[in-house]
Amino acid sequence: MKVLIVSSEYSPVAKEGGLGDASAGLAPALAALGCEVKVAIPGYGQVLENFPQSVTIVDKVRVSMGAYNLFADLRNLAPFSGVDTYLVCNDSMFGRHGIYGDKNGLFGDNHKRFVFFSKSIPALCSATQYIPDVILGNDWQTGLIMALLDQGFMPRTAGVFIIHNIGYLGYVPPEDTPVLGLSNKYLTADGLEFYGQISLLKAGLAFANRLVTVSPTYAREIQTTEQGAGLDGLMRKRSQDLTGILNGVDFSVWSPEHDKHLPASYNMDSMGGKAQCKQALLNELALDSTLLERPVAGMVTRLFSQKGIELVINALPQIIEMGIGFVLLGNGEAGYARDLWGLAQAYPGAFKFVEDFDEALAHRIMAGADILCVPSLYEPCGLTQMYALKYGTIPVVRATGGLADTVHDVDSLNGKANGFTFDAFHPGALTYALKRARDYYQDQDAWKNLVAKAMDSAREYTWDKAAAQYLASFERAIEARKFS
Ligand code: ADP
Ligand code: GLC
């Protein structure tokens, strides 16, 4: 089966969050199942700079943007993790640094950039005479492709759309709707129209032949008014076409046994390296050396309301008071960063805030911390808690979305205990869960047992398992396409 994965992120080539890891984890796993997989991502400025050896396959393919045309060049990045990876290039759209924005904030023309990206996909398939059986789109940046397929482009290709986050609608201002190239019937409430606006995400949700989201619990949640971001009605309507497939972990990147970013390696049978990683992290971040005997919690996250940053900000004084050290690596909203810098000044030696995107430090925190804190308001899947399990770092999470599917409380009776969970989106609930973790840590034998169970539980979260379920969705999408 020929599968074209279209994504705005692909790790490590272009990554802002879990979308990059998910696309890069799924592609080789599908290839291993016998699919002929290709990946297309935008040729962002930094990618072209980092990979100057990429080769042009076709150039100047015309892409209509309503009243004007733009031209797309297709470059071959050469196989990445064994999968052919292509860059869709246009200087005015992508010839700048940043995936969605830069230090001045989000780019104002993101809707046009990703409309261009989406529209260039059928144009480039046609120019290269490549006809995939399935196009696998990811989030709002590629939603339009599903409507274009429905409108009759590429009649032999089915569309499968992954919802990584229903909270990002991908709005197009009304004056720009002509760039979409869709007939008026697509711009109604049954199509892209969403409370008077036009949403590119909704194009994916309404017109893909099959829908996938990234955990079973999130698949249920997005069908509720509380978590459906206004799209729960559509999700209920399409519930027969929607599957929740848990993301996996790419163990070639995230494994303490052979992680090139760590000062020492370790595995379940030989844990000495984890203590060395903790010592090195305390030194690197100038944290109080007495924390070697006390639990250190880490967090690696985008600073957005989804991630429960306000809970951490409000709970931090009590967390520090309880004797827990805390390290937070993150970037995003300036207001959160300001509050976190204030706390870092108030609690030097106990709390460190690193305002950055730093892949290597993310790995060192994953290994060096005792606890990984993920107090999200909502979490479609969440990858960091699964990485933490693999690194023997105990997750303390709010039981929502994929966090609820992957972390089981020490008090749960299902025999799968591997962490601590809490329900209320409240700083007190986070503090109490961390207090339970701290108390558990004081019995080092019990803690070591829990660490062993956590590391063992990570084995379940493989991309191979996810890829087999994707394949079943592709087959159903191809069937559905025949009758559409
Ligand atoms: P989301 O995609 O919503 O951000 P996930 O848990 O699925 O959440 O994935 C987050 C990914 O991004 C992980 O690989 C994590 O390590 C990485 N990440 C997030 N913030 C940073 C950061 N500031 N520096 C380095 N890596 C980060
Ligand atoms: C999104 C979600 C996150 C998920 C990731 C990869 O960014 O916020 O929960 O893990 O996509 O699917």
Side-chain angles (χ1 to χ4, degrees), residues 5 7-12 14-27 99-100 136-142 161-168 201 211-219 221-222 227 229 244-251 253-255 259 261 298-309 327-333 336-337 340 352-367 369 372-391 393 395 397-398 400-407 461 463 466 470:
I5 299 179
S7 179
S8 56
E9 298 182 34
Y10 196 64
S11 301
K15 166 174 173 180
E16 186 115 321
L19 172 57
D21 287 3
S23 305
L26 179 58
I99 298 180
Y100 311 119
L136 181 60
N138 292 272
D139 273 354
W140 72 266
Q141 296 86 345
T142 60
F161 187 69
I162 310 182
I163 306 158
H164 294 270
N165 196 330
I166 208 163
Y168 292 84
L201 176 75
L211 298 169
V212 174
T213 191
V214 288
S215 71
T217 294
Y218 195 59
E221 288 172 348
I222 56 178
Q227 304 246 42
I245 303 177
L246 198 68
N247 288 329
V249 174
D250 185 341
F251 292 118
V253 180
W254 293 98
S255 179
D259 183 330
H261 301 296
M299 215 168 147
V300 178
T301 184
R302 297 180 292 116
L303 299 180
F304 289 96
S305 61
Q306 174 195 345
K307 299 296 179 179
I309 310 298
V327 178
L328 195 152
L329 167 64
N331 61 359
E333 277 178 23
Y336 287 134
L340 290 165
K352 283 292 158 193
F353 172 45
V354 182
E355 186 181 5
D356 197 0
F357 187 93
D358 184 337
E359 182 75 27
L361 181 57
H363 286 246
R364 292 198 294 276
I365 291 174
M366 217 50 90
L372 189 89
C373 185
V374 195
S376 305
L377 175 62
Y378 71 94
E379 197 62 74
C381 178
L383 294 170
T384 58
Q385 83 282 6
M386 294 198 273
Y387 300 159
L389 290 170
K390 179 69 184 167
Y391 284 69
T393 300
V397 308
R398 197 169 95 79
T400 181
L403 299 172
D405 291 332
T406 52
V407 181
Y461 306 125
W463 276 114
Y470 272 94

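We count ligands from 1, going down the list as the structure has it; atoms in each ligand are counted the same way. Along the sequence shown, residues carry numbers from 1. All of these numbers come straight from a predicted model, not from anything done at the bench.
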task = Please work out whether any backbone atom (N, CA, C, O) or any side-chain heavy atom from C-beta onward of Asn247 is under 4.0 Å from ligand 1, and answer side chain, backbone, both or neither.
result = neither
ask   = Is it true that Asp356 lies under 4.0 Å from ligand 1, counting heavy atoms only?
value = yes
inquiry  = Please work out, at 4.0 Å between heavy atoms, whether the side chain, the backbone, both, or neither of Leu383 comes within that distance of ligand 1.
reply    = both
query = Does His164 approach ligand 1 within less than 4.0 angstrom via side chain, backbone, both or neither, non-hydrogen atoms only?
reply = neither
message = Starting from atom 3 (C) of ligand 2, what is the nearest protein heavy atom, named by residue and atom, and what distance separates them?
response = Glu379 OE2, 3.3 Å
Heavy atom of the protein closest to atom 16 (O) of ligand 1 (residue, atom name, distance) = Val300 CG1, 3.6 Å
query = Under 4.0 Å from any heavy atom of Tyr387, which atoms of ligand 1 are there?
reply = 14 (O)
request  = Please determine which of Arg364, His363, Lys390 meets the side chain to side chain donor-acceptor pair (under 3.5 Å) test together with Asp259.
outcome  = His363
query = Please state which protein non-hydrogen atom is closest to atom 2 (O) of ligand 1 and give its distance, to 0.1 Å?
reply = Gly18 N, 2.6 Å
request  = Around atom 22 (C) of ligand 1, find the nearest protein heavy atom and jot down its residue, atom name and distance.
outcome  = Phe357 CD1, 3.5 Å
ask   = Any chance the side chains of Tyr100 and Glu9 put a donor and an acceptor closer than 3.5 Å?
value = yes
ask   = Applying a strict 4.0 Å limit to heavy atoms, is Met366 in contact with ligand 1?
value = no
Which residue and heavy atom of the protein sit nearest atom 24 (N) of ligand 1, plus the separation = Asp358 N, 3.0 Å
ask   = For Ile365 and Met299, which heavy atoms make the closest approach, and how far apart are they?
value = CG2-N, 4.4 Å
ask   = Hey, which atoms in ligand 2 end up nearer than 4.0 Å to a heavy atom of Asn165?
value = 8 (O)
ask   = Which of the atoms in ligand 2, numbered in the order shown and given with their element, are less than 4.0 Å from a heavy-atom of Gly382?
value = 3 (C), 4 (C), 9 (O), 10 (O)
message = Using a 6.0 Å distance limit plus a 45 degree cone around the ring axis, check whether Lys15 lies over the aromatic ring of Tyr10.
response = no
task = Say whether Lys15, considering both its backbone and side-chain N or O atoms, lies within less than 3.5 Å of an N or O atom on ligand 1.
result = yes
key: Minimum-distance pair of heavy atoms, taken over all atoms of Gly248 and Met386   = O-CE, 4.3 Å
task = Go through the side-chain N and O atoms of Tyr378 and Asn165 and say whether any donor and acceptor fall under 3.5 Å apart.
result = yes
inquiry  = Can a side-chain donor-acceptor contact be found between Thr400 and Tyr218 if the only test is distance below 3.5 angstrom?
reply    = no
note = the protein heavy atom lying closest to atom 15 (C) of ligand 1 turns out to be Thr384 CG2, 3.7 Å
message = Can you confirm, on distance only, whether ligand 1 has an N/O atom lying under 3.5 Å from any N/O atom belonging to Glu16?
response = no
message = I want to check something: taking the side chain as every heavy atom from C-beta on, are Met366 and Leu372 in contact at a cut-off of under 4.5 Å?
response = yes
ask   = Side chains of Phe353 and Leu303: closer than 4.5 Å at any heavy-atom pair?
value = yes
task = Take every heavy atom of Gln385, measure it against each atom of ligand 1, and state whether any distance is under 4.0 Å.
result = no
Taking atom 1 (C) of ligand 2 as the reference point, the nearest protein heavy atom with its distance = His164 O, 3.3 Å
inquiry  = Quick one, Thr142 and Phe161 - any side-chain contact, counting heavy atoms below 4.5 Å?
reply    = yes
task = Using a 4.5 Å cut-off on heavy atoms from C-beta on, say whether the side chain of Ser8 contacts that of Asp139.
result = no
message = Check whether Tyr461 reaches the backbone of Thr406 with its side chain - one donor and one acceptor, N or O, closer than 3.5 Å.
response = yes
key: Residue part near ligand 1, for Thr301, under 4.0 Å between non-hydrogen atoms   = backbone
remark   = Closest to atom 12 (O) of ligand 1 among protein heavy atoms sits Gly17 CA, 3.5 Å
inquiry  = In this structure, is the centre-to-centre distance between the rings of Tyr387 and Trp254 below 6.0 Å?
reply    = yes
message = With a 4.5 Å cut-off on side-chain heavy atoms, are Leu26 and Tyr470 touching?
response = yes
Close side-chain approach of Val214 to Ile162, heavy-atom, < 4.5 Å = yes
note = Looking only at protein heavy atoms, what sits closest to atom 4 (O) of ligand 1 is Arg302 NE, 2.7 Å
request  = Go through ligand 2 atom by atom and flag the ones less than 4.0 Å from a non-hydrogen atom of Val214.
outcome  = 12 (O)
message = Regarding ligand 2, does Lys307 bring an N or O atom to under 3.5 Å of one of the ligand's N or O atoms?
response = no
message = Does any N or O of ligand 1 fall below 3.5 Å from an N or O anywhere on Ala362, backbone included?
response = no
query = Taking the minimum heavy-atom distance to atom 8 (O) of ligand 1, which of Lys307, Glu9, Gln306 ranks first?
reply = Lys307
message = So, 4.0 Å and heavy atoms of Gly330: is ligand 1 close enough to count as a contact?
response = yes
Ligand 2 versus Asn247: contacting region, heavy-atom distance under 4.0 Å = side chain
ask   = CG of Asn331 to CG of Asp358: how many Å apart, nearest 0.5 Å?
value = 10.0 Å
ask   = Counting from 1, what ligand 2 atoms have a heavy atom of Gln306 closer than 4.0 Å?
value = 8 (O)
